[in-house]
Amino acid sequence: MGQVREVVTGARRIVVKVGSSSLTTAAGGIDEQRVDALVDVLGALATGGREVVLVSSGAIAAGLAPLQLRRRPRDLATQQAAASVGQGLLIGRYAAGFARHGLTVGQVLLTVDDVTRRAHYRNAYRTLRKLLDLGALPIVNENDTVATEEIRFGDNDRLAALVAALADADLLVLLSDVDALYTGNPSDPASVKIPLVREDTDLSAVEIGKTGKAGLGTGGMVTKVEAARIATGFGIPVVLTAAPLAGAALAGEEVGTLFEAAGSRPAARLFWLAHATSPRGRLHLDEGAVAAVVARRKSLLPAGITAVDGSFAAGDPVDLVEAGSGTPVARGLVNYDAVELPALLGRSTPELAAALGPGYEREVVHRDDLVLL
């Protein structure tokens with residue numbers, strides 16, 4: 001197969017994501033042989049001294065057959081019902097499979113809120129870290145049974161990239177029903193396999209498809225490429241290949257597509273804030289506030305805000321935009337509700353503290369909760 005990929009064989013902490021189509025039958029329900037094959041690969045890796053985090057889709061798909069649903073539902077409520085049935089079946093199968101390797105699994109269900117709000121983020125990180133320290137194998141999925149449209153990741157490819165950042169992983173492996181990235185549809189004889197992606201320009205000739213044929217997943221190649229961009233932007237290399245090739249890929253063989261890591265690693269929680277959240281509103285900043293936030297990396301104070309858009313609560317993500325042009329310059333977690341802010345605009349924090357009390361001396365967005373866009 002050519003040279004061994006040292007970036008793979010040298011990775012100590014690995015996040016592996018597997019899609020619904022690689023775990024379930026087309027009719028819905030868990031494909032036990034496929035699950036066991038994946039478990040055997042990851043079990044050998046974990047018992048061989050590597051740390052493994054599995055991001056697994058399949059909860060909704062696994063719940064279809066037991067609920068006598070013929071296809072993946074479109075409405076959120078039925079998706080959540082299917083996930084509540086399927087998640088238990090899926091984690092039970094994983095638990096039994098990894099037990100054959102003497103491994104204990106831990107279920108970690110996340111929403112966007114769990115990893116963008118400061119206290120929640122610390123809890124999510126500590127849970128993953130402690131599971132690994134105790135020798136358990138974390139199995140991560142989106143918490144579909146409670147997530148609302150506003151706090152959903154949308155697809156587990158992106159979730160996997162963000163979990164890789166959260167876990168400070170050395171490698172992300174995306175497993176699907178396609179063996180690599182191609183210049184077009186893999187079934188087209190004119191399509192060419194792309195073994196290595198060093199930068200975005202390598203993707204200029206690629207035509208990326210969407211959901212798989214079975215209709216069980218929420219994303220196709222487009223979400224995987226976007227996940228690879230997110231992870232490599234955090235300094236994590238990515239291997240994209242088919243689930244049956246997981247063993248070869250994790251052994252460092254030149255299967256699938258390798259996306260090389262780019263740049264140094266930013267703060268993980270702020271990386272989540274930039275890539276995992278959708279803004280609930282916008283704060284319009286005057287020139288002085290833009291300069292303070294962008295050039296001097298200062299907190300945002302009420303004095304520099306000229307207008308407020310949207311409906312948000314304290315702790316929600318908001319975009320900071322240039323007054324006039326509306327160009328976003330940063331995203332942050334706001335410390336005030338939308339209804340509170342209009343009365344504070346243009347006023348200094350000492351003035352607000354004197355007039356309204358010491359609680360109003362706080363920043364609108366603290367610099368520790370702010371990422372430049």
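Position 1 is the first residue of the sequence; numbering continues from there. Remember, it's a predicted structure, so these values are computed and weren't measured experimentally.
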Exercise. Could you walk me through whether V140 and L128 pass the side-chain contact (heavy atoms from CB on, under 4.5 Å) check?
Worked result: CA-CA 9 Å; V140 181; L128 280 177; 4.2 Å; yes
Exercise. With the 4.5 Å side-chain cut-off for hydrophobic clustering, are F259 and V192 part of the same group?
Worked result: no
For this session: List the atom of A164, the atom of V15, and the distance in Å for their closest heavy-atom pair.
Result: CA-CG2, 3.7 Å
Exercise. Can you name the nearest heavy-atom pair linking A161 to A227, along with the distance?
Worked result: CB-O, 3.4 Å
For this session: For E51 and R129, run salt bridge (Lys or Arg N to Asp or Glu O under 4.0 Å): C-alpha distance rounded to whole Å, both residues' side-chain angles, the deciding distance at 0.1 Å, then the answer.
Result: CA-CA 10 Å; E51 291 183 340; R129 182 67 266 161; 3.0 Å; yes
For this session: Could you walk me through whether L196 and E260 pass the side-chain contact (heavy atoms from CB on, under 4.5 Å) test, one step at a time?
Result: CA-CA 8 Å; L196 179 65; E260 290 188 347; 3.7 Å; yes
Exercise. If you look at every heavy atom in A82 and L67, which pair is closest and at what distance?
Worked result: CA-CD1, 3.6 Å
Problem set entry | L301 side, atom CG; H366 side, atom NE2 - distance, nearest 0.5 Å | 10.0 Å
Exercise. Do the non-hydrogen side-chain atoms of V318 and R282 ever get within less than 4.5 Å of each other?
Worked result: no
Exercise. Is a side-chain donor-acceptor pair under 3.5 Å present for S325 with E322?
Worked result: yes
Exercise. When rounded to the nearest 0.5 angstrom, what distance separates OG1 in T241 from CD in E253?
Worked result: 10.5 Å
For this session: Decide whether D177 and S22 meet the rule of one side-chain donor and one side-chain acceptor closer than 3.5 Å.
Result: no
Exercise. From L162 CG over to I230 CD1, what is the distance, rounded to the nearest 0.5 angstrom?
Worked result: 5.5 Å
Exercise. Does the side chain of L250 reach to within under 4.5 Å of the side chain of T9, using non-hydrogen atoms?
Worked result: no
Exercise. In terms of hydrophobic clusters joined by side-chain contacts under 4.5 Å, are L333 and F312 together?
Worked result: no
Exercise. Are side-chain heavy atoms of L171 and V239 found at a separation under 4.5 Å?
Worked result: yes
Exercise. Do L174 and V238 come close enough that some side-chain heavy atom pair is under 4.5 Å?
Worked result: yes
Problem set entry | Side-chain heavy atoms of L42 within contact of Y94, under 4.5 Å | no
Exercise. Shared ILVMFWY cluster between L373 and F234, side chains joined below 4.5 angstrom?
Worked result: no
Exercise. Same cluster or not: are V293 and L345 linked, directly or through other Ile, Leu, Val, Met, Phe, Trp or Tyr residues, by side-chain heavy atoms under 4.5 angstrom apart?
Worked result: yes
Problem set entry | Closest approach of G332 to L320 (non-hydrogen atoms, all atoms of both residues) | N-CD1, 4.3 Å
Problem set entry | Carboxylate-amine/guanidinium proximity below 4.0 Å for R5 and E254 | no
Exercise. Is L273 reachable from V321 through a run of I, L, V, M, F, W or Y residues, each pair having side-chain heavy atoms under 4.5 Å apart?
Worked result: no
For this session: Indicate yes or no for a side-chain donor-acceptor contact from D75 to the backbone of T78 under 3.5 Å, with no hydrogens or angles considered.
Result: yes
Exercise. What closest approach, in Å, do V4 and A251 show between heavy atoms, and which atom pair accounts for it?
Worked result: CG1-O, 4.0 Å
Exercise. Are any side-chain N or O atoms of D316 and backbone N or O atoms of A313, one a donor and one an acceptor, separated by less than 3.5 Å?
Worked result: yes
Problem set entry | Between CG on residue N335 and OH on residue Y360, distance to nearest 0.5 Å | 12.5 Å
Exercise. Where do G43 and F98 come nearest, in terms of heavy atoms and distance?
Worked result: N-CE2, 3.8 Å
Problem set entry | Distance (rounded to the nearest 0.5 Å) between L131 CG and L137 CG | 9.0 Å
Exercise. Going by an N to O cut-off under 4.0 Å, is there a salt bridge joining R13 and D170?
Worked result: no
For this session: Give a yes or no answer on whether the side chain of R158 reaches the backbone of H275 with a donor-acceptor pair at less than 3.5 Å.
Result: yes
Exercise. How far apart are the C-alpha atoms of L283 and L300, what are their side-chain angles, what is the distance that settles it, and do they pass the side-chain contact (heavy atoms from CB on, under 4.5 Å) test?
Worked result: CA-CA 10 Å; L283 308 182; L300 176 63; 3.7 Å; yes
For this session: Answer yes or no: is there a side-chain heavy-atom contact under 4.5 Å between S56 and N141?
Result: no
Exercise. Would you say the side chain of R331 lies within less than 4.5 Å of the side chain of P279, judging by non-hydrogen atoms?
Worked result: yes
Exercise. Side-chain contact, heavy-atom cut-off 4.5 Å: I60 with R72?
Worked result: yes
Exercise. Between T24 and D31, is a side chain to side chain donor-acceptor pair (under 3.5 Å) present by the stated rule, with each step listed?
Worked result: CA-CA 5 Å; T24 56; D31 188 319; over 6 Å; no
